[in-house]
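Reading through the C-alpha cells given below for one structure.
Letters A, B, ... mirror the listed sequences (proteins, then strands); counts begin at 1.
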Amino acid sequence: MPELPEVETVRRGLEPVLAGKRFNKVEQRRPDLRFPLPERFVARLEGRKVERLERRAKYILAHLDSGEVLTMHLGMTGRFTITKPKGNSQQLGEFTYEHGADATHDHVVFTMSGGAIVTYNDARRFGYMTLMPEAELIEHPHFKGLGVEPLGNELNADYLARRASGKKTDLKAFLMDQRIVAGLGNIYVCEALWRAHLSPDRVAHALATRMGKATPAAERLVGAIRRVLEEAIAAGGSTLRDYKQADGSLGYFQHRFAVYGREGEPCLTPGCRGKVRRKTQAGRSTFACRVCQR
DNA sequence: AAGAACTCCTGTTGGC
DNA sequence: TGCCAACAGGAGTTCT
C-alpha cells in the first residue's frame with residue numbers, strides 16, 4: 001500500500017506510542033506474513049524498550065534496548081491501528097476502520113507500557129517484519145542494496161545521472177527500482193514524471209550525457225521527486241492532526257494527484273490540451289500525458 | 001548480467 | 001442481483 005510519504009506518516013503516528021515505551025505484551029497470531037516472522041519473536045520483544053523509531057525507504061525501524069532492531073514493511077495493505085487506553089482508536093493506513101470490527105487480518109498486536117495497543121493488520125500479507133542485531137542491518141538483504149533517500153542530500157542530479165548511465169530500461173522502471181531511489185512507488189513515480197514533463201517510456205540513460213553528466217531532465221526530475229514527496233508528507237501530517245480530535249474515521253490519503261487514477265481526464269499542466277492516459281508497464285498501471293511528457 | 005515477467009495473497013470494482 | 005476478470009500504494013525470485 002504505502003510509499004515513502006505514507007510510511008513516514010505512519011512512523012510519525014506510531015512514534016508517540018512506541019518510542020520510549022516497552023512491549024508489555026506481544027501477540028503473534030500467525031507464523032508468517034510474507035516471510036516467516038522471526039524466531040522467538042514474542043520472547044525477543046516482550047519487556048524490551050523502543051529507544052527510537054526511524055524510517056529507511058519504506059521500512060519502519062524500531063531500535064530496541066536489547067541492541068536489536070525490529071523492522072516493519074507494510075507491503076501493499078499493511079496498516080497499524082492504535083487503540084488508546086480510553087478506547088478510541090486511531091488508524092494509520094488507508095481505509096476507515098473501526099477497531100475490532102474485523103480482526104480477520106490482525107496478525108500482530110503490541111501492548112505497550114504507555115497503554116496503547118498497536119495492531120498490525122495486513123489482508124494480502126505482502127508486509128513483513130524482521131528482528132536482528134543493529135550491526136547486521138546494513139548487511140541484511142533487505143537493506144544492503146537500497147538506494148539513496150529521496151529527501152536527503154544524496155539525491156541530486158549527478159547521482160541520478162550516474163546511476164542512469166548505460167541503463168536501457170525506461171524511466172518508470174528506473175525510478176521504481178529501490179536500489180536507485182529508495183521509497184518511491186507507483187503513484188509518486190507517475191506524479192514525479194508528470195511534474196518533470198518526462199515520459200515514463202524514455203530510456204533511463206537519457207538522464208545522463210555521454211560523459212555521465214546530469215542533463216536538465218535529471219535536474220527537473222530531482223526537484224519533482226522532492227517536491228511531490230514533501231507535499232504528500234505535509235498532507236499526511238495534517239490529516240493525522242485532524243484525526244486526533246475526530247471520531248474514528250480517517251480519510252488518510254486525501255492528496256490530489258495530477259495523473260494517478262485520472263485516466264481520460266484533462267492534463268493539469270497549464271496550457272496543455274492533453275488527456276491523462278493509462279497503460280500497463282511491468283504489470284503496473286502508468287498514468288501520463290503524452291502531450292507534455294516527452 | 002541486465003531487464004522483464006512471474007509470483008505471493010485477499011479484497012474491491014466495474015462490466016456484462 | 002450474480003459472476004468474473006481486472007486491478008490494487010511491493011518487491012523477491014525466476015525467466016530470457
Do A:Arg124 side-chain and C:dA8 base share a donor-acceptor contact under 3.5 Å? yes
Taking DNA chain B as the partner, which of residues 161-173 of chain A come within under 4.0 angstrom of it by heavy atom? A:Lys167, A:Lys168, A:Thr169
Separation of atom [atom1] in [X] from atom [atom2] in [N], rounded to whole Å:
X	N	atom1	atom2	answer
A:Met176	C:dG12	CE	P	12 Å
A:Leu33	C:dG10	CG	P	17 Å
A:Asp201	B:dA4	CG	C1'	15 Å
A:Glu3	C:dG10	CD	C1'	9 Å
A:Gln178	C:dG10	CD	P	8 Å
A:Asp177	B:dA4	CG	P	11 Å
A:Leu74	B:dC8	CG	P	22 Å
A:Phe35	C:dG12	CZ	P	6 Å

Salt-bridge criterion met for [X] and [Y] (N-O under 4.0 Å):
X	Y	value
A:Asp122	A:Arg34	no
A:Lys279	A:Asp201	yes
A:Arg56	A:Glu54	no
A:Asp177	A:Arg179	yes
A:Glu15	A:Arg11	yes
A:Arg52	A:Glu134	yes

Using a cut-off of less than 4.0 Å, is there contact between a side-chain N or O of [X] and OP1 or OP2 of [N]?
X	N	result
A:Tyr128	C:dG12	yes
A:Ser285	C:dC7	no
A:His105	B:dC9	no

[M] and [N], which share atom name [atom1], separated by this distance in whole Å:
N	M	atom1	answer
B:dA5	C:dC7	P	15 Å
C:dA11	B:dA1	P	24 Å
B:dG11	C:dG12	C1'	23 Å

Listed nucleotide nearest any side-chain atom of A:Arg284, set C:dG10, B:dG11, C:dG12: C:dG10
Which one, C:dG12, B:dT10, C:dG10, comes nearest to the side chain of A:Arg125? B:dT10
Please collect all ring-ring contact (aromatic ring centres under 6.0 Å, His included) contacts where either partner lies in residues 263-294 of chain A, sequence neighbours excluded, each pair once. A:Tyr260-A:Phe287
Applying a 4.0 Å non-hydrogen cut-off, can you work out what A:Arg34 is touching in the nucleic acid: base, sugar-phosphate, or nothing? base
Distance-only donor-acceptor check, side chains A:Thr71 and A:Thr130, under 3.5 Å: yes
For DNA chain C, report each stem as range with range, ordered by first number, or say none. Use Watson-Crick or G-U wobble pairs under 3.5 Å, at least 3 in a row. B:2-8 with C:10-16, B:10-16 with C:2-8
Going by 5.5 Å between centroids and 30° between planes, is there a stack of A:Phe126 over C:dG10? yes
Take A:Arg12 and A:Glu8 through the salt bridge (Lys or Arg N to Asp or Glu O under 4.0 Å) test and state the conclusion after the steps. CA-CA 6 Å; A:Arg12 292 178 185 185; A:Glu8 177 58 23; 2.8 Å; yes
Which residue, A:Arg278 or A:Tyr59, contacts DNA chain C at a nucleotide closer to its 5' end, judged by nearest heavy atom? A:Arg278
How far apart are the C-alpha atoms of A:His140 and A:Tyr59, what are their side-chain angles, what is the distance that settles it, and do they pass the ring pair (Phe, Tyr, Trp, His ring centres under 6.0 Å) test? CA-CA 13 Å; A:His140 189 276; A:Tyr59 294 85; 8.5 Å; no
